[in-house]
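Since the structure comes first, as structure tokens, the remarks are kept for the end.
FYI, side chains are in, hydrogens and waters are out, and symmetry mates aren't considered; it's all heavy atoms of this structure.
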There are 2 protein chains.
Amino acid sequence: MELPLAPSAAPERADAARNRERILCAAQRLWAERGVSCTSMDAIAAEAGVGKGTLFRRFGDRSSLALAVLDVRERALQDAVLTGPPPLGPGAPPVERLAAFGSAVLAFTAEQLDLVLEAEVHSGGRWMRSAPQAVRRLHLQVLVSAARPDCDVEYATDVLADALSAQLLAHQLREREMPLERLQAGYADLVERLLG
Amino acid sequence: MELPLAPSAAPERADAARNRERILCAAQRLWAERGVSCTSMDAIAAEAGVGKGTLFRRFGDRSSLALAVLDVRERALQDAVLTGPPPLGPGAPPVERLAAFGSAVLAFTAEQLDLVLEAEVHSGGRWMRSAPQAVRRLHLQVLVSAARPDCDVEYATDVLADALSAQLLAHQLREREMPLERLQAGYADLVERLLG
DNA sequence: ACGACAACCGGACCACGGTCCGCTTCAACC
DNA sequence: GGTTGAAGCGGACCGTGGTCCGGTTGTCGT
């Protein structure tokens, strides 16, 4: 979560770092134990032994905190995409990579649905601009462009990104009770139809 | 918003009906004047000359009120779909009807983006189950099924419905500054690719 | 006209997310 | 070690969405 956009960014003070870690741990623990929607920010601050102000200065708001908690796992996924074995990693044809990417993201999101929902939904469009989402989008766009440059690449990318949203996934998984495997297959089919 | 699910539902008391109307008007007026996100429920209750409790008992919560305000216009769209001229109404081949439907919904949503966002986003998945959304979904599903019964109809329906979501539209319109016409064309292309 | 009951009303009340500002603590430099 | 300036801290505070319950008002049967 440290964002040293410029290398000249001031280093973090020791107590600040310690508190950040404590908050992250507390959030992870409480959200896992009591559920995301049943855990207030006050409770997290208290669990971390920290004032409310500290929490909010560090993380801005609730959905950003969720994003920060997700960040570690997200990096693992990014690594697998950038340097892992095909078809998720480089080496396979674009359409196959897209299907594999969809599968991976769906699985990732399904594993921690509530958390991703928190980050994605209650953030007034900030989600789309968040770092991990931007990376995902870029990856999709590159592959779409490689598979079928003769179409509206941006629009196709939007559709493929949106089909992986936590909201849609939550609806499909919980309301319509569609199993994950079916959604993964459906996404693969969508990719094939759209770009194949 | 009266929901006489069973015809035997108790009739509405006169003052209750009057208050419901006043609230609906006040909400419409204030939201139009000051913007959706800048208008609190307190303000609406005050403008309507009604207690807060009345407002919330009638409409449950903020997003449901937004839904109620949208309801009138939604009906017009439904009529056009069910009894209007082709290609939006009956008579055209399914793929063309789907493209026309997408166009209409996108235009409808774009016209009142903030309101639809309010109804769609801040409602913990209740949006998907709302009456208008259910009708839209059913319509999509029938057409998809007619156009291409040999695929995962439910999944395709989900994708086509999701591609019309206000969140995606807001992102495309505001963040990426894609003009509405482009999105309508993109949707038509999506339909063609997916089902043609 | 009147009484009785249910539906309805309204605003006090609560919990929560988020802000603000006076005080504290760190760390860098003498 | 002492001084100093700034980064950091925490909890009082605010506005908002949403709930609750004692009092009121409409409606219906007589």
Side-chain angles (χ1 to χ4, degrees), chain A residues 1-4 8-24 26-27 30-31 34-69 117-119 121-124 126, chain B residues 1-4 8-24 26-27 30-31 34-69 114-115 117-119 121-124 126:
Chain A
M1 264 301 89
E2 67 282 0
L3 298 170
S8 59
E12 194 177 36
R13 240 169 65 173
D15 53 346
R18 201 195 52 210
N19 280 337
R20 207 193 48 219
E21 218 52 45
R22 294 218 287 190
I23 290 170
L24 244 19
L30 287 187
W31 277 341
R34 323 215 283 234
V36 174
S37 59
C38 295
T39 305
S40 70
M41 295 299 267
D42 287 330
I44 292 172
E47 173 84 7
V50 142
K52 219 181 176 185
T54 303
L55 202 176
F56 278 97
R57 191 166 359 81
R58 269 281 165 266
F59 293 98
D61 60 20
R62 199 177 154 86
S63 68
S64 300
L65 178 57
L67 215 60
V69 168
L117 276 175
E118 190 65 54
V121 175
H122 304 106
S123 68
R126 216 158 46 266
Chain B
M1 266 305 89
E2 66 283 358
L3 298 170
S8 60
E12 195 178 37
R13 238 170 65 171
D15 53 345
R18 202 194 51 212
N19 281 337
R20 205 193 49 221
E21 219 52 45
R22 299 223 311 225
I23 290 169
L24 242 21
L30 288 187
W31 277 342
R34 323 218 280 236
V36 175
S37 59
C38 294
T39 306
S40 71
M41 296 299 268
D42 286 359
I44 293 172
E47 173 83 6
V50 143
K52 219 182 175 185
T54 303
L55 202 176
F56 278 98
R57 191 166 358 83
R58 269 282 166 267
F59 293 98
D61 60 20
R62 199 176 153 87
S63 68
S64 300
L65 178 57
L67 215 60
V69 168
D114 289 333
L115 209 44
L117 276 175
E118 189 65 54
V121 175
H122 303 106
S123 68
R126 214 158 49 267

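- For Arg58(B), the salt bridge (Lys or Arg N to Asp or Glu O under 4.0 Å) partners are Glu12(B), not counting sequence neighbours.
- The CG atom of Leu55(B) sits 16 Å away from the C1' atom of dA12(C) (whole-angstrom rounding).
- Annotation: salt bridge (Lys or Arg N to Asp or Glu O under 4.0 Å) contacts of Arg57(A) (sequence neighbours excluded): none.
- With sequence neighbours excluded, the residues that form a salt bridge (Lys or Arg N to Asp or Glu O under 4.0 Å) with Arg126(B) are Asp61(B).
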>> One pair to check against side-chain contact (heavy atoms from CB on, under 4.5 Å): His122(A) and Arg62(A). What are the steps and the verdict?
In response: CA-CA 8 Å; His122(A) 304 106; Arg62(A) 199 177 154 86; over 6 Å; no
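- If you take CG of Asp42(A) and P of dC13(D), they are 15 Å apart, rounded to a whole angstrom.
- The separation between Arg22(A) atom CZ and dG10(D) atom P is 8 Å, rounded to whole Å.
- Look at Asn19(A) and you'll find a side-chain N or O under 4.0 angstrom from OP1 or OP2 of dC9(D).
- Following rounding to the nearest Å, Ile23(A) (CD1) and dG8(D) (P) show an atom-to-atom distance of 12 Å.
- Screening Leu65(B), Leu67(B), Val69(B) against Phe59(B) for a side-chain contact (heavy atoms from CB on, under 4.5 Å) leaves a single residue, Leu65(B).
- Of the two residues contacting DNA chain D, namely Gly60(B) and Gly51(A), the nearest-nucleotide position lying further toward the 5' end is that of Gly51(A).
- Remark: P of dT19(D) and CZ of Phe59(B) are 15 Å apart, rounded to the nearest angstrom.
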Quick one: side chains of residues 35-42 of chain B, donor-acceptor pairs under 3.5 Å with protein atoms, not counting sequence neighbours, listed by atom name and distance.
from	atom 1	to	atom 2	distance (Å)
Thr39(B)	OG1	Gly35(B)	O	2.8
Ser40(B)	OG	Ala43(B)	N	3.1
Asp42(B)	OD1	Lys52(B)	NZ	3.2

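- Here Ser40(B) lies in heavy-atom contact (under 4.0 Å) with sugar-phosphate atoms only.
- Here the C1' atom of nucleotide dG18(C) and the CZ atom of Arg126(A) are 12 Å apart, to the nearest Å.
- Closest to the Arg62(A) side chain, of the nucleotides dG18(C), dG17(D), dC8(C), is dG18(C).
- Residue-to-nucleotide proximity on DNA chain C shows that, of Cys38(A) and Arg57(A), the 5′-proximal contact is made by Cys38(A).
- Annotation: side chain to side chain contact (heavy atoms under 4.5 Å, CB included) contacts of Glu47(B) (sequence neighbours excluded): Ala26(B), Arg29(B), Leu30(B).
- For the pair Phe56(A) CZ and dG10(D) P, the computed distance is 14 Å after rounding to whole Å.
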Give every pair of a protein N or O atom and an N or O atom of nucleotides 23-27 of chain D that lie under 3.5 Å apart, one pair per line with the distance.
from	atom 1	to	atom 2	distance (Å)
dT25(D)	O2	Arg13(B)	NH1	3.4
dT25(D)	O2	Arg13(B)	NH2	3.4
dT27(D)	OP1	Ala14(B)	N	3.0

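- As rounded to whole Å, 10 Å separates atom C1' of dA12(D) from atom NZ of Lys52(A).
- Of the side-chain N and O atoms in Thr54(A), one or more sit less than 4.0 angstrom from OP1 or OP2 of dG10(D).
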